[in-house]
Amino acid sequence: MTAQAWQTLSNRIQNVAPSATLAVDTKAKAMKAEGIDIIGFGAGEPNFPTPGYIVQAAVEACRDPRNHRYTPTAGLPELKAAIAEKTKRDSGYSVDASQVVVTNGGKQAVYETLQVLVDPGDEVIVPAPYWTSYPEMVKLAGGVPISVLSSVKHGFVPTVDQLEAVRTDRTKAIVVNSPSNPCGSVWDAQTIREIAHWALEHHVWILSDEIYEHLTYDGKKTSYIGAEVPECREQLIVLNGVAKTFAMTGWRVGWLIAPRFFAQAVSKLQGHLSSNVSDVSQRAALAAVSGDLSAVSQMREAFDIRRQRIETMLNEIPGVFCPKPTGAFYAFCDVSALLGQPHGPHGTVSHSSAELAAALLEEAHIAAVPGEAFGAEGYLRFSYALEDNDLIEGMQRFRKWAEA
């Protein structure tokens, strides 16, 4: 596309950056298609198959003509009820099915929430390192993302003092993401409570992304803000889905839980945007959220082994420091000591983590996502949701490249 043609597009889309994680994944797949042996640490996608009982529920749903039609826009009533029950079981508090809206993946839940909540000029505090799509979705709603970078010394967990320092009379919401993508941090209960009380005091909406809720390690547990501070629920939107917990990224089922009036507004938007989620996918999600978590536990055990392995191997690479992640399935490592120095077979000098990621892809044939995508220059994110042998081989390639 020429520059002149690009300028004919809306300012809205021109001001939004493409998804860095999807861009890395797309380039890695393109290189694989050319016959290059690429090891992908980019996409946040479990390598496990969806559990069999969930797949079987979808197979049976496909054969039933009742599932060949539209469902209510906000989701199958029985799925919404099951999500409400799952919330009581896992999060420890009760919600009504009328507060649930089923969406095409967790990403749509975030997008629709911001479209309903944010007016032009409204500010949304996005603690960094952040999931790459949060600030772009704020921009698409006409809002202004306000990044607050927490330090590795504090486990990448923001403090209320940091939030208060950037709060203005235009602050509309704050994003809470624990366990966190990209850094794998799990925010402690005390921090969660302090943020909730701060938000209540200043009438700030809370967007709590809990999609990695069951992926925690070393005795850490997800602290649910709606349970920790019940009075905040009237200004709380919970964002979740089956993708990460049940290895269902391709099924595209997420949801949000919000006060009834907010859920009704989101349903109105979705009615014009995409109507309902695929009926068959909803039936599969129903089986997932209604079942036990035994399959999830097995996947978490495998992730835990990989987590410990990748942390060890990254910290053995000269110039790399990887703090120990305690949630999700990402290692977020400091590579700033590798910048400005020649590395690799061609003596490549990278001046940013983006350039370093590009060099690793081209020369070491491993795909990682640069920290710039997450508001944290000087870092790389490695997903360890891949085969064990690939993980080991990829880390060996990284070390060989760094030591060359």
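Ion pair E85/K88 not flagged as a salt bridge, since none of the NZ, NE, NH1 or NH2 atoms sits closer than 4.0 Å to an Asp/Glu carboxylate oxygen. A salt bridge does not link R397 to E363: none of the charged side-chain nitrogens sits closer than 4.0 Å to a carboxylate oxygen. R63 and E60 are not joined by a salt bridge, as no carboxylate oxygen comes within less than 4.0 angstrom of a charged side-chain nitrogen. In this structure, E213 pairs ionically with K86, as a charged nitrogen and a carboxylate oxygen lie closer than 4.0 Å. Residues K172 and E123 are not paired through a salt bridge, judged by the lack of any N-O separation under 4.0 Å between the basic side chain and the carboxylate. With respect to R283 and D279, a salt bridge is recorded, a charged nitrogen being found less than 4.0 Å from a carboxylate O. A salt bridge is absent between D292 and R89: the closest approach of a Lys/Arg side-chain nitrogen to an acidic carboxylate oxygen does not fall below 4.0 angstrom.
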Q: Please test E112 against T103 for side chain to side chain donor-acceptor pair (under 3.5 Å), starting from the C-alpha separation and ending with a verdict.
A: CA-CA 9 Å; E112 291 182 339; T103 60; 5.7 Å; no
Q: Show your reasoning for whether side chain to side chain contact (heavy atoms under 4.5 Å, CB included) applies to F156 and F374.
A: CA-CA 12 Å; F156 296 118; F374 311 109; over 6 Å; no
Q.
As a quick check of understanding, evaluate side chain to side chain donor-acceptor pair (under 3.5 Å) for D334 and S336, giving each step before the final call.
A. CA-CA 6 Å; D334 185 343; S336 55; 2.7 Å; yes
Q: In sequence, state the C-alpha distance, the side-chain angles, and the governing distance for N240 and E210, and then conclude on side chain to side chain donor-acceptor pair (under 3.5 Å).
A: CA-CA 5 Å; N240 211 327; E210 300 172 2; 4.6 Å; no
Q | Check against side chain to side chain donor-acceptor pair (under 3.5 Å), Y384 and E311 | A | CA-CA 10 Å; Y384 50 87; E311 181 213 353; over 6 Å; no
Q. Could you go step by step and tell me if R193 and E228 meet the salt bridge (Lys or Arg N to Asp or Glu O under 4.0 Å) rule?
A. CA-CA 6 Å; R193 288 192 291 268; E228 295 290 342; 2.8 Å; yes
Q) Is there a side chain to side chain contact (heavy atoms under 4.5 Å, CB included) between L314 and F398 once you walk through the steps? A) CA-CA 9 Å; L314 281 168; F398 188 5; 3.9 Å; yes
Q: Evaluate the criterion salt bridge (Lys or Arg N to Asp or Glu O under 4.0 Å) for residue pair D119 and R170; output intermediate values, then yes/no.
A: CA-CA 10 Å; D119 280 321; R170 297 306 304 267; over 6 Å; no
Q: Using the side chain to side chain contact (heavy atoms under 4.5 Å, CB included) rule, take L356 and L339 through it: C-alpha gap first, then chi angles, then the decisive distance, then the call.
A: CA-CA 7 Å; L356 181 64; L339 304 181; 4.2 Å; yes
Q: I would like to know whether L207 and T113 meet side chain to side chain contact (heavy atoms under 4.5 Å, CB included); could you show each step before the answer?
A: CA-CA 8 Å; L207 280 55; T113 292; 3.9 Å; yes
Q.
Is there a salt bridge (Lys or Arg N to Asp or Glu O under 4.0 Å) between D209 and K107? Walk through the geometry before answering.
A. CA-CA 10 Å; D209 188 339; K107 186 173 284 189; over 6 Å; no
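Here the two rings, on F48 and F303, have centers that are under 6.0 Å apart.
Across H343, Q341, E355, a single residue satisfies side chain to side chain contact (heavy atoms under 4.5 Å, CB included) together with S350, and that is E355. Among the candidates V116, V102, T73, N276, the single residue satisfying the side chain to side chain contact (heavy atoms under 4.5 Å, CB included) test with Q270 is T73.
Atom CG of N15 has more than 12 heavy atoms from other residues, nucleotides or ligands within 6.0 Å. Counting heavy atoms of neighbouring residues, nucleotides and ligands inside a 6.0 Å radius, atom NZ of K220 does not exceed 12 of them. Around atom CD of E377, more than 12 heavy atoms belonging to other residues, nucleotides or ligands sit under 6.0 Å away. Counting heavy-atom neighbours within 6.0 Å of R12 CZ, excluding the residue itself, gives a total of 12 or less.
Between W187 and P127 the shortest heavy-atom distance is CH2-CG, 4.1 Å. Nearest heavy atom pair, residue F382 against residue A368, reads CE2-CB, 3.6 Å. Nearest heavy atom pair, residue P325 against residue C183, reads CB-O, 4.0 Å. For the pair N177 and N181, the tightest heavy-atom approach, listed with the atom from each and the gap, is OD1-N, 3.1 Å. Pairing each heavy atom of A288 with each of I54, the nearest pair is CB-CD1, 3.6 Å.
Side-chain contact between K268 and Q264 is absent, with no heavy atoms from C-beta onward closer than 4.5 Å.
Of the inter-residue distances, the one linking I257 atom CD1 with S208 atom OG reads 10.0 Å to the nearest 0.5 angstrom. To the nearest 0.5 Å, the span separating CZ on R306 from CG on D388 amounts to 4.5 Å.
Judged by distance alone, the side chain of Q99 and the main-chain N or O of D96 form a donor-acceptor pair under 3.5 Å. Side chain of E78 to main chain of L286: no donor-acceptor pair is present (N/O by atom type, distance under 3.5 Å, no hydrogens or angles). When atom types are taken as modelled, the side chain of T171 and the backbone of T168 share a donor-acceptor pair closer than 3.5 angstrom. A donor-acceptor pair under 3.5 Å is absent between the side-chain atoms of S185 and the main chain of V157, judged by distance alone.
Taking the six-membered ring for Trp and thresholds of 30 and 60 degrees, Y212 and F329 have ring planes more than 60 degrees apart, a perpendicular arrangement.
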